[in-house]
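Counting convention: from 1, in listed order, for ligands and their atoms alike. Numbering starts at 1 and runs along the sequence shown. Just so we're clear, the structure is a prediction, and the values are computed from it rather than from any experiment.
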Amino acid sequence: MFKRILIANRGEIALRIMRACQELGVETVCVYSTADKDAPYLKLADRAICIGPGPAKESYLNIARLIAAAEITGAEAIHPGYGFLSERPDFSQACRDCKIEFIGPSPEAMGALGDKVECKKTAKAAGVPVFPGSENAIEEEDEAVRVAKDIGYPVIIKAAAGGGGRGMKVCRDEATLRGQLRVASQEALAAFGNGAVFIEKFLEDAQHVEVQCLADKHGNAVHLWERNCSMQRRHQKVIEEAPSPGVDRAVMQKICEGAAKLLPTVKYAGAATCEFLMDRKQNFYMLEVNTRVQVEHPVTEMITGIDIVKTSIKIAAGEKLAFKQSDIKINGHAMECRINAEDPDQGFRPSAGKIDTWQAPGGLGVRMDTHVSSGYTVPPNYDSMIAKLICHAETREACIQRTLRALREFKVGPIKTTIPLQARLMQDENFRKGGVDIHYLERLLSAKH
Ligand code: ADP
C-alpha cells in the first residue's frame, strides 16, 4: 500500500478520498487554491499545500503545479477525484512520466474509452449494445444523410471528443442535418480541439441507467449493479438511486455483465461507469464510459457494502479485487440528493456566500457526504454542489420516506439550496411510481412557471 497520497481535488470528494486513505492507514496531502484556503476539511489532511489562485486553470487544472506538489511532499500516488483533471489522459501520462501512481486508468485505457467513436466500436465488439449510427466519424454530408435515412429520424450529431453534454444537435429532418453538420464540427473543434463528429439515433423519452464497474490490474472485472439517474436538469443529475426501479432483473443483469466485460478489453484498471439510455421497452444503448469515480458512487456503496474509493486505491497499489461477482449482492434501496447552493425559485441562480445555519440530518440509514459546516463560505469559483444526502432503507418506498424526512430536517441559511425542490420531488406521484424519463424534471419545472 502507498505511504502517502496526494488528493488533486477539493470539496466533498477531497474529504471522501481522505476518509478512505485514513481507514487504509495512508497519509494524505490535500491541495487547495487560495479560494479554498479556509475550508475546514484541509485540517483533516496530514498536509495541505496551496497550488495557486482561485481560477481552476491556475490551480486544480494545473498539471505542473499538482505534480510539483506531489514531488515536494513525497506523495507516491495521486487521486484525481471527479471533474477537473480526472478524465484527462495527459494527466495520467504526466503522473506516469514522473513515476507517480495515478489512481485511475492508464492514459491508453482512458484514451480508448474517452473518444466516443472508438468507445462505441470497442463496446460493440464486446457485445455491449450501442445506438445505431455511423461507424466512424462523418467525413461527408452525403454519408451522414445516408446513415440517417437508414436508422430513421430523429438523429443526434455528437462530437467524438465531446463531454459535459455540450455540442450535441438533434436533427428531425434531412435539411436540418445538412445544415447542422458543419456547425457541429466547427463547434466541436473550438470546444474540444477535435472536430470529429458522428451521428446516432436519438431516443425521445429515455431513462438514464448506468453500471458501476471495478477492474484490477490482473484482468479481473466486476460490476456493482446499476444506478438510475433520470432526474436531471440540463444534463445535471439531481437525484440518483440504486437499484433502478422497474427494470427486469434478468435484462439488467445481462447489461451489467456486458459492461464489466468491456473493461479488460482495453486493459482498464480502476473504477468506471458505463452509462446507458434505456427506452420504454427496456432496450439499452450505451452512451459513454466515465473513467473515474462518480459523484453518485455512494448509492452503490450503500446497497453493496463495498467502499468504491478504498477499492480504487487498492487497485492502483496493485492488489487483486478481494471479491468475486457472485459475492456482490443488492441489499435494499439507496437514494442520493445532490444539494446545490442554487435558488430553484430564481432559475437555479448560484447562491454563493457564508452559511450561518447548517443543521444536517441524521439517524438510521442517513449518510451525509459534505465538506460544509456552519460558518463555511461557499466560494463562487467552483461547482455549486455543497452536500450529498444519501439515504438507505429496505425498500424504495421506505427510502423515499426516509429521504423526505431527512430533507425536512436539513436546515441551511441564508444561502438558497435545492433542498425544497428535492423534498417536493420525493412527494411527486410520478417519481414515487418510478420510471420518469430524463426530461421529466424540466417539463415539471416549466409547467410550474
Ligand atoms: P457527454 O459526454 O457530453 O455528457 P453523452 O453522450 O453522455 O455526452 O450525452 C449526454 C446526454 O445527452 C445524455 O445524458 C442524454 O440526455 C443526451 N443524449 C445523448 N445521446 C443521446 C441519444 N442518442 N438519444 C437521446 N439522448 C441522447
Inset, instruction - Could you list the residues that satisfy ring-ring contact (aromatic ring centres under 6.0 Å, His included) with Y376, not counting sequence neighbours? - result: H371
Inset, instruction - Taking side-chain contact (heavy atoms from CB on, under 4.5 Å) as the test, write out the residues that go with D97, two or more places apart. - result: Q93
Inset, instruction - Tell me whether the guanidinium CZ or amine NZ of R292 lies under 6.0 angstrom from the six-membered ring centre of F102 and within 45° of its axis. - result: no
Legend entry - Partners passing salt bridge (charged side-chain N to carboxylate O under 4.0 Å, His left out) against R172 (at least two apart in sequence or in another chain): E204
Legend entry - Mutual orientation of the aromatic rings belonging to F131 and Y285 [parallel < 30°, tilted 30-60°, perpendicular > 60°]: parallel
Inset, instruction - Output the distance between atom CG (N136) and atom CZ (F198), rounded to the nearest 0.5 Å. - result: 11.0 Å
Inset, instruction - Let me know which protein residues bring a heavy atom to under 4.0 Å of ligand 1; chain then number is fine for ordering. - result: K116, F131, I156, K158, G162, G163, G164, G165, R166, M168, E200, K201, F202, L203, H235, E275, L277, L287, E288, I438
